[in-house]
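Data block below; observations after.
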Amino acid sequence: MDCTVRWTGSDAGMSFIAETGSGHAVMMDGAPDAGGRNLAPRPMELLLAGAGGCTAFDVVMILKKGRQAISGCDVTLNAERAETDPKVFTRINFHYRVKGRNLKPEAVERAIGLSKEKYCSASIMLAQSAIITTSHEIIEETTAATPR
């Protein structure tokens, strides 16, 4: 896996463009108090978003393979950081909102556990410096009433 990060130049403050090995580009910027212009997510926000995307991917895939009728999956991450440099994440809660029809609670819990313990490389790496907790809710999808 490769990635190139390029500073966009002094006129752009602290903006950077990351070009990934898969051919995609993501912009990053710093906070105004650090010389940025607040034009894009901070690098640490993208790290957190990447962990959320990694685990959501796992949960959806595991539930689909388990023939669960999943129709939605949101993960809200709430993170705390150390107050001194390096300001690593020290605690992260992953809150999953899984939507579907007749989802088995034990299947959802199993999928979240497998992601946390075995499959999500991003959250497993973050667990080296942060306490990772999870919580979840299951939202029962209702079928829309047929109009008369």
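All of these numbers come straight from a predicted model, not from anything done at the bench.
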Worksheet item: Please, which pairs that meet side-chain hydrogen bond (donor to acceptor under 3.5 Å, both in side chains) have at least one residue in residues 13-42, sequence neighbours excluded?
Response: R6-E19, S15-D29, T20-S22, N38-R42
Worksheet item: Looking at A122 and A51, what are the two nearest heavy atoms and their distance?
Response: CB-CA, 3.7 Å
Worksheet entry | Summary of salt bridge (Lys or Arg N to Asp or Glu O under 4.0 Å) pairs that have at least one residue in residues 129-138, sequence neighbours excluded | R97-E137
Worksheet entry | NE2 on H136 to SG on C73, rounded to 0.5 Å | 11.0 Å
Practice prompt. Linking directly or through intermediates, with side-chain heavy atoms under 4.5 Å: list the remaining ILVMFWY members grouped with F57, chain and number order.
Written response: M61
Worksheet item: What residue pairs, at least two apart or across chains, pass side-chain hydrogen bond (donor to acceptor under 3.5 Å, both in side chains) with a residue in residues 64-91?
Response: S71-E141
Item to complete: Could you note down all residue pairs passing side-chain hydrogen bond (donor to acceptor under 3.5 Å, both in side chains) where residues 115-135 supplies at least one of them, sequence neighbours left out?
Response: T55-S115, D58-S115, N93-T133, N93-S135, H95-S135
Discussion item. Connecting only ILVMFWY residues whose side-chain heavy atoms lie within less than 4.5 Å of each other, what is the rest of I132's hydrophobic cluster?
Written reply: M44, L47, L48, V59, V60, L63, I70, V75, L77, F89, I92, F94, Y96, V98, L103, V108, I112, L126, I138
Worksheet item: When clusters are formed from ILVMFWY side-chain contacts under 4.5 Å, directly or step by step, what else is grouped with M14?
Response: V5, W7, F16, V26, M28, L46
